[in-house]
Trainee: 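Pasting a structure here, questions to come.
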Amino acid sequence: MKKTKTIKPPSIGSLQLPECIALFVDSAPDDFKLAVLLAVMCCYCALGTRLRVKYVFDLDLHALLLQVLIVGEPGAGKSFTRGIVKRLMGPLRLRDKEERNKEKAYRKLARKLKNKNLPDEPVVEVRCIQTITRAMLAKRADAIQTKYGEPLSFFLFAEEMGLMADSNKRAYADLRTLDRLAYDLGAEFCNETMYDGGCNSDVDICWNSLFCGTENSLDEYIDKRSVEGGNVTRKVLCKLPDMLGDDAPKFKPIDDAGSALIKNMVERLMNETYADDGTLQPTHEIPMAWMDPQVKKWCAEQRIEVLKTGSRARNCFYKRSSLSAFRMAAMLYYLWGEDESKQMQVAKFYQFMATYTVEGLLAQWGRDYDQMHEADKDELTEKKASIYDLCPDQFTRDQLRELIVKLKLKTDARNFICKWKRAKLIREVKDSKTELFEKNYKS
């Protein structure tokens, strides 16, 4: 098992949250508040499956799809997620139970009639699932699209991540490819089978997932294939603190008034999805164009870090970290009733979550990603220093080459200089007798 340093989750005390989230967060111990926030956000996004948002760098609208991983040692208190899921996903789970009962009744009738004069098989809509084969998941997705003509988000919840790791070891239950496709609305999957009961059509499978586990189960679930294939870029990783010698975490109960408020929000999201006549509600686009400058600014800061460090891992990870944070920020804005007076708080939340997400991915898988792609590795990552910062205020190309050799980097000096000049991080000193470059902090 790979040993990684346990990092204390950053404080979210400075963030303002809608009451339907704050009730959960305030009930949690300090070290669990961020994990609770992510678990609640994942559930709300799954319920808000008809919500859409325009991301500044994309043409198509996005659904609010999240993939959250909560990691802690055995007995660290990861089971807090169970209560959150039961409370928030209860109505959807009840709906699923009624749909599964239709399925069971039909199977019972089929056994009784022995396929003679059977009515048409019911189109069953099931959205809350745990472990499932690819074929069955495709069939579930096809049933939803047959019933409504559009996809809806599944909600995958695994209290033990080992269940998902075991599934990935079985050929017909390996969801790694779907794990990547499920992050984006419109990414279709085709499952061709030879038997009559199979789903032989293109289906749009998308899901929100909340998986809990230990470091060991995380390493089994996110293996080399998942790091190299890009599964990790879709994740929001939250690590619980070291609980050695500590009492079990104690959560405060939510009072009746708070429970009623949460119930009303769940009903609101369910009503945003299903109409009274059994059809789907129209999609609702959350107006988020006002936050485009903040998103561009954060991404530009990350690109500067990429240019300074030459880190391919950061170059890959920051893009979807921004998108995951943006989706959460859009849900936050929706839960606040799209109140323009809350825009500053929503933007602050985006910046916090985007930074937290990318730094978590880099700490866990940055070295592995760089090594797989033969990128510049890893005294820089460990020391949190960049080759740009290590260069003197004025330096020659030969000095940069010497530094590259010393740090055992693979990118050549010409590449660094070209990218830094384009980003206006350096400028060439024209009147120098040698090829001299100067850091240009003002730009």
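Quick caveat: nothing in here was measured; it's all calculated off a predicted structure. One is the number of the first residue; the rest follow in order along the sequence.
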Trainee: Assess the side chains of Ser226 and Asp223: does a donor N or O sit below 3.5 Å from an acceptor N or O?
Mentor: yes
Trainee: Give a yes or no on whether the backbone of Leu66 and the side-chain of Asn208 come within a donor-acceptor separation of less than 3.5 Å.
Mentor: yes
Trainee: Are Arg327 and Tyr183 in a cation-pi setup, meaning NZ or CZ lies under 6.0 angstrom from the ring centre and within 45 degrees of the ring axis?
Mentor: yes
Trainee: Does Tyr334 have Arg268 sitting over its ring (NZ/CZ under 6.0 Å from centre, angle to axis within 45°)?
Mentor: yes
Trainee: For Arg50, which of Glu150, Glu285, Glu272 qualifies under salt bridge (Lys or Arg N to Asp or Glu O under 4.0 Å)?
Mentor: Glu150
Trainee: Can you confirm if the aromatic rings of Phe155 and Trp207 lie within a centre distance of less than 6.0 Å?
Mentor: no
Trainee: Hey, are Ser322 and Tyr350 close enough side-chain-wise for a donor-acceptor pair under 3.5 Å?
Mentor: yes
Trainee: Kindly determine whether Arg180 and Thr233 satisfy side chain to side chain donor-acceptor pair (under 3.5 Å), including the steps that lead there.
Mentor: CA-CA 9 Å; Arg180 295 189 290 273; Thr233 65; over 6 Å; no
Trainee: Please lay out, stage by stage, how Thr355 and Trp298 fare under the test side chain to side chain donor-acceptor pair (under 3.5 Å).
Mentor: CA-CA 9 Å; Thr355 302; Trp298 186 87; 3.0 Å; yes
Trainee: For side chain to side chain contact (heavy atoms under 4.5 Å, CB included), just list the numbers for Gln343 and Met288, CA-CA rounded to whole Å, side-chain angles, deciding distance to a tenth of an Å, and then say yes or no.
Mentor: CA-CA 9 Å; Gln343 289 181 355; Met288 294 292 289; over 6 Å; no
Trainee: Checking Glu305 against Tyr318 for the side chain to side chain donor-acceptor pair (under 3.5 Å) test, could you report, in this order, the C-alpha distance in whole Å, the side-chain angles of both residues, the deciding distance, and whether it holds?
Mentor: CA-CA 10 Å; Glu305 286 301 308; Tyr318 87 82; over 6 Å; no
Trainee: Donor-acceptor check, side chain of Arg140 to backbone of Arg127, threshold 3.5 angstrom: yes or no?
Mentor: no
Trainee: Run the salt bridge (Lys or Arg N to Asp or Glu O under 4.0 Å) test on Lys78 and Glu159 for me, step by step, so that the C-alpha distance in whole Å, both residues' side-chain angles and the decisive distance to 0.1 Å come before the verdict.
Mentor: CA-CA 8 Å; Lys78 299 181 292 296; Glu159 209 171 323; over 6 Å; no
Trainee: Taking atom types as modelled and ignoring hydrogens, do the side chains of Lys239 and Gln364 form a donor-acceptor contact shorter than 3.5 angstrom?
Mentor: yes
Trainee: Please determine if Asp292 and Lys297 form a salt bridge, counting it only when a charged side-chain N lies under 4.0 Å from a carboxylate O.
Mentor: no
Trainee: May I ask you to test the Met328-Val236 pair for a side-chain heavy-atom distance under 4.5 Å?
Mentor: yes
Trainee: Relative to each other, are the rings of Tyr55 and Phe57 parallel, tilted or perpendicular (30° and 60° limits)?
Mentor: perpendicular
Trainee: Between Lys102 and Glu99 (salt bridge meaning N to carboxylate O under 4.0 Å), is one present in this structure?
Mentor: yes
Trainee: How about Phe211 and Phe157: are their ring centres within less than 6.0 Å of each other?
Mentor: no
Trainee: What verdict does the side chain to side chain contact (heavy atoms under 4.5 Å, CB included) test give for Thr279 and Tyr274, after you've listed the backbone C-alpha separation in whole Å, the side-chain angles of each residue and the deciding distance to 0.1 Å?
Mentor: CA-CA 6 Å; Thr279 61; Tyr274 300 106; over 6 Å; no
Trainee: Pairing donors with acceptors under 3.5 angstrom, does anything connect the side chains of Arg87 and Ser259?
Mentor: yes
